[in-house]
Amino acid sequence: MRTRGAVLTEVGGPLEVVDLELDPPGPGELLVRVRATGLCHSDLSVIDGSRVRPLPMVLGHEAAGEVVGTGPGASEFAVGDRVVLSFVPACGACRWCVAGRQALCEPGAAANRAGTLLGGERRLRLPDGTRPHHHLGVSGFAEHAVVSEKSATRVPDDLPFDVAALFGCAVLTGAGAAFYSAGVAPGDRVAVFGLGGVGLAALLAARAAGATQLVAVDVVPAKRELALALGATDQVEGGPDAVEAVRSLTGGGADKVIDTTGVAAVLEQAYLATGAGGTTVTVGLPHPDRTVSLPALSLVAEERTLKGSYLGSCVPRRDVPRFVALHRAGLLPVHELLSGRLSLEEVNVGFTRLASGEAVRQVVVP
């Protein structure tokens, strides 16, 4: 079938919106009419070359849409189902999936690195016959997508598509980091470094988990103001004085600190802002060449924990419904993270806003 999508052909961009041929879904795959796709720093890191991916590639990994076709053996979904697409197509059978750690699915990771669907196929084709790669099994900056059914989770029909899309990455990553990776508990003092969609989702989840102090850290004043409106108790300007400010506000360091920036120097700050016995969680994706330097003695003498968190340590088919239920109960007001809706043709404008720090979570509505 003929569709349109935003293709990255070379590092630095821009994305080009072009006509594409989309093959029918193969075994265990779905044809999805994409209704909304969020703009995330993980897309931006592919555009600027921080995350090396095979090109050309149709970007977009945080999406929601409607199933309009199913491939042979795809029995988990029906035409008309509303779905959220997440960026790790978990096979369900490897050692990590069996252990309940689907974010580490080995076949899913291999497919994502290769730019294919979970089964190893590429279903897109440019007019010259070139087959673009899929971005994290989704390629949501398009009117239609073929995905593995292992990338999809069914959601209620009354959940707006633009809100639903955010559950595929920002909410899973941020809320999961707070609930699961950091284990925020009632009474905890929590600091969040980086207040984009993921950071604010982490803040909302920490509030829902019962944190009594929430310190929001960012270089952008408008994002700190939004964090206060969403329940942060304190705000700190990002920069060289942030560690001292957080430690002062929390009486010696926060119990749980979540870094969402993907900047190695900020991860070091997040660790230093964590108190004795505390846990530092990082969800950002720095450039592979970056390293961090930390006071090693503190890990033992202060019983500190430093953890990485991918996909918020979530299991999408377990946690998307959980988080949607919290949203509908008013405990995770995900709609407050939306900062703009764009047409497919405006996708490059959206990434310029994202890179400048102007936007929290924009969505493309094709």
Side-chain angles (χ1 to χ4, degrees), residues 38-51 61-62 87 166 169-178 181-182 184 190-206 214-227 230 232 234-247 249-250 253-254 256-274 278-294 306-313 337 339 351-362:
L39 276 68
C40 176
H41 272 279
S42 294
D43 302 299
L44 191 59
S45 66
V46 177
I47 295 172
D48 67 19
S50 297
R51 301 290 292 173
H61 67 281
E62 177 189 79
F87 61 89
L166 274 58
C169 175
V171 178
L172 282 175
T173 301
S181 306
V184 176
V190 177
V192 178
F193 281 69
L195 302 174
V198 172
L200 289 172
L203 187 145
L204 291 175
L214 287 166
V215 184
V217 185
D218 201 287
V219 296
V220 180
K223 290 184 177 179
R224 301 198 302 270
E225 290 299 316
L226 176 58
L230 293 177
D234 304 277
Q235 58 91 16
V236 167
E237 182 178 4
D241 299 325
V243 172
E244 182 180 349
V246 173
R247 293 186 69 87
L249 284 166
T250 56
K256 310 290 171 59
V257 179
I258 300 171
D259 163 48
T260 72
T261 64
V263 178
V266 177
L267 172 55
E268 293 178 358
Q269 288 188 322
Y271 183 82
L272 294 174
T274 308
T279 298
T280 311
V281 173
T282 182
V283 306
L285 295 171
H287 190 281
D289 294 339
R290 299 294 185 265
T291 60
V292 295
S293 177
L294 303 172
L306 174 61
K307 299 178 67 174
S309 176
Y310 193 53
L311 195 66
S313 303
L337 308 185
S339 55
F351 278 116
T352 298
R353 292 174 183 162
L354 181 64
S356 71
E358 176 185 346
V360 174
R361 214 54 164 197
Q362 306 164 95

Query raised in the report: Which atom pair, heavy atoms only, marks the closest approach of A264 to V292?
Result: O-CG1, 3.7 Å
Query raised in the report: What heavy-atom pair brings H61 and C169 nearest, and what distance separates the two atoms?
Result: NE2-SG, 3.5 Å
Query raised in the report: Would you find a donor on one side and an acceptor on the other, under 3.5 Å apart, between the side chain of Q269 and the backbone of V243?
Result: no
Report task. Name all residues meeting the side-chain hydrogen bond (donor to acceptor under 3.5 Å, both in side chains) criterion together with D218; count only those two or more places apart in sequence or in a different chain, and write none if there are none. Result -> none
**Report entry** Inter-residue atom distance E62.CD - L166.CG, 0.5 Å rounding
**Finding:** 4.5 Å
Query raised in the report: Within the side chain of T250, is there an N or O that forms a donor-acceptor pair under 3.5 Å with the backbone of V246?
Result: yes
Query - Under the salt bridge (charged side-chain N to carboxylate O under 4.0 Å, His left out) test, residues paired with K223 that sit two or more places apart - result: none
Query raised in the report: Which value, rounded to the nearest 0.5 Å, describes the distance between L172 atom CG and S309 atom OG?
Result: 10.5 Å
**Report entry** Distance-minimising heavy-atom pair for G194 and T261
**Finding:** CA-CG2, 3.8 Å
Query raised in the report: Any donor-acceptor pair under 3.5 Å linking the side chain of R290 with the backbone of A265?
Result: no
Query raised in the report: How long is the gap from CG on L195 to CG on L337, to the nearest 0.5 Å?
Result: 11.0 Å
Report task. Compare every heavy atom of A216 with every heavy atom of A232, then report the nearest pair and how far apart it is. Result -> CB-CB, 4.0 Å
Query raised in the report: Got a donor-acceptor contact below 3.5 angstrom from the S339 side chain to the V360 backbone?
Result: yes
Requested in this report: Look up atom CD in E244 and atom CG in L272, then write down how far apart they are to the nearest 0.5 Å.
Outcome: 12.0 Å
**Report entry** Donor-acceptor contact below 3.5 Å, side chain Q235 vs main chain A227
**Finding:** no
Query - Shortest non-hydrogen contact between G238 and V217, atoms and distance - result: CA-CG1, 4.0 Å
Query - Nearest-0.5 Å distance, CG of residue L203 to CD1 of residue I258 - result: 8.5 Å
Report task. Show the numbers, then the answer: is there a side chain to side chain contact (heavy atoms under 4.5 Å, CB included) between L226 and L200? Result -> CA-CA 9 Å; L226 176 58; L200 289 172; 3.6 Å; yes
Report task. Would you indicate whether the side-chain heavy atoms of S42 and R51 approach each other to under 4.5 Å? Result -> no
Report summary line: For A201 and A170 the tightest heavy-atom approach is CB-O, 3.5 Å
Requested in this report: Decide side chain to side chain contact (heavy atoms under 4.5 Å, CB included) for L204 and L230; before the verdict, give the C-alpha distance in whole Å, the side-chain angles of both, and the deciding distance to 0.1 Å.
Outcome: CA-CA 7 Å; L204 291 175; L230 293 177; 3.9 Å; yes
Report task. Working to the nearest 0.5 Å, report the span between CG of L354 and CG of L44. Result -> 5.5 Å
Report summary line: Sequence neighbours excluded, the answer for side-chain hydrogen bond (donor to acceptor under 3.5 Å, both in side chains) partners of S50 is D48
Query - Validation row: E237, P221 side chains within 4.5 angstrom (heavy atoms) - result: no
Report task. Report the residues that fulfil side-chain hydrogen bond (donor to acceptor under 3.5 Å, both in side chains) with T260, sequence neighbours left out, ordered by chain and then residue number. Result -> none
Query raised in the report: Do side-chain atoms of K307 reach the backbone of S181 as a donor and acceptor pair under 3.5 angstrom?
Result: yes
Requested in this report: Could you pull out all residues at least two apart from F351 that satisfy ring pair (Phe, Tyr, Trp, His ring centres under 6.0 Å)?
Outcome: F141
Query raised in the report: How about F193 and Y271: are their ring centroids closer than 6.0 Å?
Result: no
Query - Residues in ring pair (Phe, Tyr, Trp, His ring centres under 6.0 Å) contact with H41, at least two apart in sequence or another chain - result: none
